[in-house]
Amino acid sequence: MSEPTEPMTGGTQPLNPANLSEENEPFAIGTILKDVYRVTALLTDTPTLRVYRVALLEPWDHCARCGAALQANDQFCEECGSQVEEQTALLQETPAAQPIGAALLDDLPDDPARSVLPTVREVFVGEDSRFAVLPDGTSLVRFDTLLSEPNTFVDQTDAIEIGIQVSRALAYLHRNGLALGQVTLADLALTNKREIKLADAGAIRRSQGKEDQLDDVEQLGLVLEKMAGIQRHTRRLDDANNPSPLDSGFATILSDLRAKRINDASILAQALETLLAEQATPISLRVRTGYATDVGMIRDHNEDSVLTWDLRLNWDAKPVNVGLYVVADGMGGHEGGEVASGLAITTTAQTLVTTLLDPQLHNGPVSSKHLADLVKQAAFQANQAVYEESVRRKNDMGTTLTMAVVVGDRAIVGNVGDSRTYLYRDGKLQRISKDHSLVQRLIDIGQLDPDDIYNHPQRNAILKSLGDSGDPGTDTFEVQLQPNDALFLCSDGMWEMVRDPKMAELFAEHANPADLCDALIEAGNAGGGEDNISVVVVRFDSIPSVEH
């Protein structure tokens, strides 16, 4: 190893035989190595790894920033635009006896999975150290920067694709006796072509066995959770009134990683590939719909509105069920509440039906994020319409809104207020939406018991509704539907009068959606009928195969 012309200040940490030699202080700025690399900065200084930025004193056949191949006379890299004459690179220094990082990548066999790993220009050995030269990564966008704003996440479909690529790279490293180490969001980056890349591979090390490989897989799961904003939910088994969103298929895979049910990178890649294929084209289901609305036993007029819309479209060249289902509970008295709920229904339909009929939406994979964005946009437009009409009428009318957009076997539920959407599956009724109410908030922070939602004096105080200026703050939830499932949308005049277990019994007793809706209205009135009652039931069945 070349003798540094001037030692760097700051010193190094205590070392052991597996670390960099005690006599081996960092290179000084300006040190030239192999007549090719001039040290310009020390970026990392630990006992096992030092990373320098170096200037290249001669051209290289690959771009030092992004690793793209260069032609003999190129002045600029076609991939990232960097000037060839002013190239910089990263130089990793690691102990020769026990190297880590990019120095371990030099002798790996060719494999498509290797594209995720940094391009190593060369590896050379000094007296006590091993050195690897690789792109400096200044053209890469790291995910910790990309997701630095609060509540900013990667679309789940994109996160799944990233997970597939990185898990394939993990499997490749494991097959070659290496482990990735504690990868973080900062270690994953995008090229200017939106390709996934490990930024510098500084944590790669020789694997000590299955435990290291298992740690790699679990750590990747944690990174994907953060990337996609997948929250871990704990829930009391008896708490039917304080639900958590249903797990998507992606969330289920991540849960399996945490529980060590998936403990191999190849198995993880296969699971994610299967999920991505399932999401690419929705599975068509047979749909049966019923709805009903009733004034109740006390009110003198009905301020609720409902909408059901069912179609069967060619989606990605296959016939698929497409539907929109909405319940709105108006507020504001005669000539107010029913106007607000009706406006919310019609505006939602005008916004979503036109979009769902757009042929451009049917030519590729269905993005749940895109559908959720459409739901939020429809609620925003509905809110604006109600607000503008309330200003014109000079009253305080408003409305709650719960809706479900269904494409094949997936549903996106949107919710503002305390009208609800439930999923009926395997004999149980599970709430999907979450009430925007004062009582629900007090339950969330532990000041009330779940059953207080039915009899608390402030149970009708809602915290969100349509009719105010600005964004209503619509919550969205994704549900993967199965044959024999049912979606159930209702106003609070239904669920306040009849508890969830009783409603589930009615679902079990009535297979026909229209009959079920009538039975639900009857039960709501028998329970007191203190408010208008509106219900929508959508049952989903598998489509019988056609024998030829």
Side-chain angles (χ1 to χ4, degrees), residues 149-159 228-229 245 248 279 282 305-311 313 315 320-330 339-391 397-408 410-421 432-434 436 462-479 487 489 536 538:
E149 294 295 324
N151 298 317
T152 303
F153 305 108
V154 172
D155 174 50
Q156 282 198 25
T157 301
D158 292 337
S248 65
Q279 291 188 350
S305 296
V306 300
L307 179 144
T308 65
W309 178 78
D310 292 296
L311 277 182
L313 299 176
W315 197 291
V320 172
N321 53 288
V322 177
L324 169 63
Y325 314 98
V326 191
V327 168
D329 180 359
V339 173
S341 64
L343 265 176
I345 291 282
T346 55
T347 306
T348 298
Q350 289 168 356
T351 304
L352 281 171
V353 170
T354 303
T355 307
L356 292 170
L357 288 174
D358 186 350
Q360 294 300 317
L361 193 63
H362 307 165
N363 295 332
V366 180
S367 166
S368 296
K369 181 180 184 298
H370 182 53
L371 291 178
D373 288 343
L374 292 178
V375 166
K376 290 180 179 180
Q377 180 64 23
F380 180 86
Q381 296 293 343
N383 180 73
Q384 189 67 20
V386 175
Y387 171 71
E388 290 176 356
E389 184 63 16
S390 70
V391 171
M397 68 183 184
T399 182
T400 68
L401 185 77
T402 191
M403 73 174 98
V405 172
V406 175
V407 178
R410 64 214 55 187
I412 300 295
V413 172
N415 192 70
V416 180
D418 62 352
S419 292
R420 293 181 175 180
T421 296
I432 300 169
S433 59
K434 189 168 186 176
H436 298 138
I462 61 174
L463 303 179
K464 289 184 182 181
S465 64
L466 302 186
D468 295 324
S469 62
D471 189 336
T474 307
D475 285 343
T476 58
F477 308 88
E478 179 183 356
V479 181
L487 289 177
L489 292 75
V536 171
V538 191

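Predicted model only: the values in this text are computed from it and were never measured.
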> Any sub-3.5 Å donor-acceptor pair from N321's side-chain atoms to G408's backbone N or O?
Replying inline: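 Judged by distance alone, yes, a pair lies under 3.5 Å.
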
Side chains of [X] and [Y] in contact at under 4.5 Å (non-hydrogen atoms):
X    : Y    : result
V407 : V320 : yes
Q381 : Q350 : no
Y325 : D310 : yes
L352 : M403 : yes
L371 : E478 : no

Hey, what do you get for [atom1] ([X]) to [atom2] ([Y]), rounding to the nearest 0.5 Å?
X    : Y    : atom1 : atom2 : answer
N383 : L343 : CG    : CG    : 11.5 Å
N415 : L489 : CG    : CG    : 9.0 Å
L357 : L311 : CG    : CG    : 6.0 Å
L356 : L324 : CG    : CG    : 7.0 Å
T348 : Q377 : OG1   : CD    : 11.0 Å
S341 : L307 : OG    : CG    : 11.5 Å

So which atom in [X] and which in [Y] form the shortest heavy-atom distance, rounded to 0.1 Å?
X    : Y    : value
G467 : S390 : O-OG, 4.1 Å
R420 : T402 : O-CG2, 3.5 Å
S305 : I345 : CB-CG1, 3.5 Å
G398 : V386 : CA-CG1, 4.2 Å
A379 : L466 : O-CD2, 4.0 Å
T399 : A328 : OG1-CB, 3.5 Å

>> side-chain contact (heavy atoms from CB on, under 4.5 Å) for V406 and V538? Distances and angles first, verdict last.
In response: CA-CA 10 Å; V406 175; V538 191; 5.9 Å; no

> Given I432 and L487, is the side-chain contact (heavy atoms from CB on, under 4.5 Å) satisfied, shown in steps?
Replying inline: CA-CA 9 Å; I432 300 169; L487 289 177; 4.0 Å; yes

>> What verdict does the side-chain contact (heavy atoms from CB on, under 4.5 Å) test give for V405 and L374, after you've listed the backbone C-alpha separation in whole Å, the side-chain angles of each residue and the deciding distance to 0.1 Å?
In response: CA-CA 9 Å; V405 172; L374 292 178; over 6 Å; no

